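Inspection log for the structure reproduced underneath, given as structure tokens.
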Amino acid sequence: MSINSEQLRGLVDRVDGILATRRSLLPAVQREVDDAARRKSDVERLLSLLAELKEIEKDQDALHRIDGAIDDLNRLLVSFAAREGTLDALRVRFSRETVNIGVSGEARVGKSSTLQKFSGLTDTQIPTGKGLPVTAVRSEIFNSSDESAEVNFRDQKTFITEYVQPLLAIVNKHVDIPLSIDTLAGLRSADFPETLGANVDSVSTDSLGRLLDAQKSLSTYESLLTGTVRQVPLGDLRSYVAYPTKDDLDAEEATGAPANRSYIAVKSVKIFCPFPGLEGVKVGLVDLPGLGEIGASVADMHLHGLNDGVDQIFPIMRPTDAEGYAKQGIASNIDHLRRIQPGIKRRGDLITAGINVTEGLSETVETLRDDFERKINSASYDPIDVLEYTAIDDTSVAELFDTLLQRVSDRLPTMDQEVFAYALASEAGEADVTGTLEGLNRTLTELLRLIPIPEALLLRQISRIARDLIHEYNAFQKKLDDQADEHSDWYAAFDADVERIHSRSDGWIQDGFFMGRDQWEAGARGQKDYYNWYRNETQRLRREIIAQYSGLDVFYDDQVTQFKNDVIRIFFDNTGELHRKLHVNPDENPDVVIHSIAVEFGGTVQDDDLDSALELLSDVKFSFRNNVFLQISNHLKELANPSEDFELKPGSPKHGVENIREVLGVVGNYEHQLGRLRDYLTRIATEANNAIRNSLLEHDDRFHEYLSVSISFFNDFLYRKDEENFKHLVIRSLIKEYRDYILGEDTGVAIDSKKKDLIDQIKAAVQAVGGDPLDQPEQASGLGSHKPRQSMKTPKPQAPPVSTPLVDAKSDTPKYDSAGGNVLDAPWATPLPGNSH
Ligand SMILES: Nc1nc2c(ncn2[C@@H]2O[C@H](COP(=O)(O)OP(=O)(O)OP(=O)(O)O)[C@@H](O)[C@H]2O)c(=O)[nH]1
Ligand SMILES: [Mg+2]
């Protein structure tokens with residue numbers, strides 16, 4: 001190609017610019033390469049540690065788990081290796097010294113001629129020829145100041161598997177008894193048919209022809225099947241890369257001596273030489289054998305060279321005066337090229353098609369172009385540009401390459417980024433790695449748990465934990481006992497609330513007895529029997545007053561919650577990290593926590609006393625109506641069953657005692673009776689209200705006593721009743737099930753130290769591979785997967801009170817129960833142990 005020096009400089013700059021841009025991606029690739037390599041070697045180390053562990057492990061279950069972990073890691077290793085390979089290809093791509101352009105297309109379209117014309121080289125380096133196909137192997141030709149040629153020979157094995165067997169597979173489709181060839185000797189002695197019969201496609205015919213050629217010329221290339229790369233003189237190159245010429249074939253036929261088919265032994269060649277007139281332009285060219293009537297596997301083999309090695313692919317088409325359409329061969333070639341370098345999003349960036357125009361054929365050029373648009377581009381949203389040029393014309397080829405290089409410099413940065421992103425996304429996602437490592441970590445935790453603890457050591461741990469728990473629960477009980485005697489802080493707020501309820505109730509008593517004065521009077525006027533109504537009213541007032549004081553429940557609820565939380569906390573304070581395993585959250589409703597640990601332990605520890613203790617704890621509940629009320633019900637006796645005698649206050653106009661039934665029974669003086677009635681009710685309700693307040697302010701609700709009894713029963717169930725059971729069933733099972741949580745891994749527990757050391761080492765290595773420290777107990781959620789026992793109960797709502805409340809504040813029917821102040825033996829609504837068990 002003849003270009004002037006200015007054009008040359010432009011070309012050099014353009015190519016240098018492309019290469020410099022691309023090289024800036026190298027450090028990022030290198031980081032990924034290093035990372036993949038590091039991870040791979042980390043995993044290899046893990047594998048060798050696991051193998052070591054496997055040798056000292058005897059437990060079948062443990063061995064099974066180790067094998068599972070090894071399998072997982074091997075899978076990871078395969079994907080790391082694949083990633084390493086992909087990234088390595090990228091590194092090669094981004095550090096290439098040349099911009100490479102490859103041609104492709106059917107036989108005889110002028111591929112080699114086009115490359116010759118551009119490079120200024122001759123048939124010595126890029127053989128061309130008339131008539132028969134010429135180019136037989138892939139050549140990469142680089143513009144370089146030095147001259148050399150490297151031939152890459154197949155070895156015998158890959159020759160059979162990659163060259164012979166794919167061809168044979170095509171031929172075998174047409175024969176009754178399929179042939180099988182596994183060795184050179186097999187090829188030599190193979191009994192190929194002369195023909196494949198009628199109606200045979202050209203691909204099959206071509207394949208049989210190649211096999212026959214390979215068989216008859218075996219002696220001319222057999223010695224070359226060395227699997228090595230060899231330097232050859234440029235002058236000898238043709239015999240390695242080109243098919244025999246017509247003369248060679250004629251001589252073969254005439255003499256019977258096989259033509260030289262060295263090309264069969266050649267996988268590819270690399271040629272380095274100066275491109276005349278293109279000094280300093282860092283380009284490489286890839287010349288391919290003609291595709292078309294060859295089997296897909298042969299085409300694959302040729303096109304494989306375009307996968308990583310080229311930056312722009314230029315499929316060439318050449319119409320003749322008789323044929324101007326996109327033949328099947330062209331379409332399948334383009335289809336094939338669409339699958340090359342899959343990371344690149346737009347095929348039109350990577351592929352530019354060319355029509356090699358022969359003078360005087362403008363008509364078929366036009367029809368070919370139209371047909372290409374119709375058959376290949378119209379159905380795709382990713383069209384491929386078609387350029388026209390003439391392979392034997394200097395200026396035309398110069399313009400063609402200028403255009404191609406311009407496209408490369410425009411689009412290569414994008415393509416390179418796309419290829420990079422594709423490579424990173426394709427292998428071993430971060431999620432796979434994390435998942436496998438987490439799984440491994442879990443396995444290791446389980447393995448630790450499988451290491452038996454020597455009995456003496458276990459006993460020490462059991463004693464320690466049991467002793468601490470017993471000590472703290474005893475201390476807690478003592479504290480509650482003491483509190484039952486003294487007034488704790490919360491009573492200040494409690495007292496204020498009692499006062500508030502008292503004075504509000506007092507106001508309402510004055511104001512028409514909770515009804516409003518007018519309404520109460522209106523109600524009173526309609527009554528026939530005042531005495532009977534009076535008794536109904538005392539009952540109503542009793543209910544109203546009780547309802548007012550029920551507002552105190554919130555104080556009790558808070559204290560009960562605190563109590564349950566304390567009991568739970570003591571348990572988890574003394575069982576290491578067990579709370580993490582059970583996902584216990586201190587802010588959670590204690591009943592929910594108690595329920596979830598009851599379910600968990602029901603499946604793992606399976607101890608009735610423990611179940612009872614937890615059930616008891618869950619049932620602790622203290623309410624005004626069911627508990628306090630009973631303590632103060634004495635003060636409501638009068639309201640429940642008022643006496644007939646009304647003691648008049650000293651200082652009032654009358655003295656002594658009034659019989660209420662008589663006063664209210666007199667017919668006539670209506671206003672007087674109403675006044676008396678109001679007096680009676682006011683006095684009796686106010687006295688009850690005051691008495692309740694006084695009683696509450698004395699704190700004789702026995703609430704702390706209730707808590708102290710509750711913890712005492714809890715402790716009884718947990719350990720006092722049967723301390724041996726507590727130690728050797730409850731604590732032992734807990735350690736067995738949750739060893740790594742309860743004892744931790746750093747407690748210095750001298751279990752099988754060699755094994756433990758090894759597992760610890762592996763765990764550390766797992767963290768190294770993962771990058772972030774894995775939170776072991778949190779992750780190890782697969783432990784203790786026993787099913788809860790069927791007998792486990794969900795927390796019940798508060799158990800029915802021991803006795804029916806004496807007064808139902810909401811009931812419409814007043815009850816005359818003379819036993820209003822009934823004092824019960826078991827004063828607490830909550831059944832304490834012994835009541836329900
Ligand atoms: N007149 C004319 N002849 C051409 C043109 N292009 C190629 N030829 C001739 O066509 C013949 C085949 O050219 P090659 O370059 O060997 O074709 P190829 O595509 O490399 O062929 P294979 O390597 O066999 O696949 C040669 O004789 C070229 O001189 C052209 O544009 N005009
Ligand atoms: Mg050629």
Side-chain angles (χ1 to χ4, degrees), residues 1 101-141 202-203 206 209-210 213 237-249 259 261 263-264 266 268-269 271 285-295 298-299 301-303 305-306 310 313-324 327 329-330 332-334 336-337 353-366 368-369 386-401:
M1 188 172 75
I101 295 174
V103 294
S104 133
E106 295 188 284
R108 315 282 63 224
V109 294
K111 298 182 293 296
S112 302
S113 301
T114 304
L115 296 183
Q116 254 194 26
K117 187 59 86 185
F118 170 69
S119 63
L121 298 173
T122 65
D123 269 2
T124 308
Q125 300 91 354
I126 310 178
T128 66
K130 293 196 188 312
L132 292 172
V134 175
T135 312
V137 301
R138 183 176 84 238
S139 318
E140 293 163 68
I141 309 128
S202 52
V203 170
D206 178 76
R210 285 174 194 268
D213 287 348
L237 204 55
R238 185 173 181 114
S239 66
Y240 295 106
V241 301
Y243 293 113
T245 62
K246 183 167 188 315
D247 289 350
D248 296 335
L249 295 177
R261 291 190 171 85
Y263 74 88
I264 293 179
V266 179
S268 62
V269 302
I271 302 159
L285 304 173
V286 182
D287 191 15
L288 288 190
L291 306 171
E293 289 164 354
I294 54 175
V298 183
M301 191 177 71
H302 294 325
L303 290 170
L306 300 181
V310 295
I313 301 175
F314 187 59
I316 300 174
M317 299 170 280
R318 185 177 173 203
T320 64
D321 55 354
E323 286 181 343
K327 289 187 272 189
I330 292 175
S332 68
N333 182 213
I334 299 286
H336 204 126
L337 295 179
I355 298 180
N356 179 5
V357 179
T358 311
E359 260 173 84
L361 295 181
S362 55
E363 213 172 293
T364 49
V365 166
E366 206 50 45
L368 171 57
R369 180 185 267 285
V386 182
L387 306 175
E388 284 170 31
Y389 76 105
T390 300
I392 52 168
D393 182 274
D394 270 338
T395 324
S396 171
V397 170
E399 277 171 9
L400 169 70
F401 274 83

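Indexing begins at 1, ligand by ligand and atom by atom, following the structure's order. Treat the numbers as computed from the prediction; the structure is a model and nothing was measured.
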Closest heavy-atom pair, V134 versus P127, reported as atoms and distance to 0.1 Å, is CG1-O, 3.6 Å

Please find the pair of heavy atoms, one from I316 and one from Y389, that lie closest to each other, and give the distance.
CD1-OH, 3.4 Å

With backbone taken as N, CA, C and O and side chain as the heavy atoms from C-beta onward, which portion of T128 lies under 4.0 Å from ligand 1: side chain, backbone, both, or neither?
both

Report the part of E359 (side chain from C-beta onward, or backbone N, CA, C, O) that has a heavy atom under 4.0 Å from ligand 1; answer both or neither where that applies.
neither

Under a 3.5 Å threshold, yes or no: a donor from one side chain and an acceptor from the other, between T128 and S113?
no

Just checking, is any N or O donor in the side chain of N356 or T114 under 3.5 Å from an acceptor N or O on the other one?
no

Under 4.0 Å from a heavy atom of [X]: give me the atoms of ligand 1 that qualify, with their elements.
X: G290; answer: 25 (O)
X: T390; answer: 31 (O)
X: A107; answer: 25 (O)

Does the pair R369/E388 count as a salt bridge with the N-to-O cut at 4.0 Å?
yes

Determine, for K111 against D287, whether the closest basic-nitrogen to carboxylate-oxygen distance falls under 4.0 angstrom.
no

With a cut-off of 2.8 Å, does S113 place any N/O/S atom under that distance from the Mg ion (ligand 2)?
no

Residue T128, metal the Mg ion (ligand 2), N/O/S under 2.8 Å:
no

What residue and heavy atom of the protein are closest to [atom], and at what distance?
atom: atom 26 (C) of ligand 1; result: G129 O, 3.5 Å
atom: atom 29 (O) of ligand 1; result: S113 OG, 4.0 Å
atom: atom 16 (O) of ligand 1; result: R108 NH2, 2.9 Å
atom: atom 4 (C) of ligand 1; result: R318 NH2, 3.2 Å
atom: atom 32 (N) of ligand 1; result: I392 CD1, 3.5 Å
atom: atom 24 (O) of ligand 1; result: V134 N, 2.8 Å

Roughly, to 10 degrees, what angle do S112 atom OG and T135 atom OG1 form around the Mg ion (ligand 2)?
90°

Test your reading of the structure: does N356 have an N or O sitting under 3.5 Å from an N or O of ligand 1?
yes

Please tell me if the side chains of R238 and T245 come closer than 4.5 Å, counting only heavy atoms from C-beta onward.
yes

What class does the angle between the rings of F401 and F118 fall in, given that below 30° is parallel, 30 to 60° is tilted and above 60° is perpendicular?
parallel

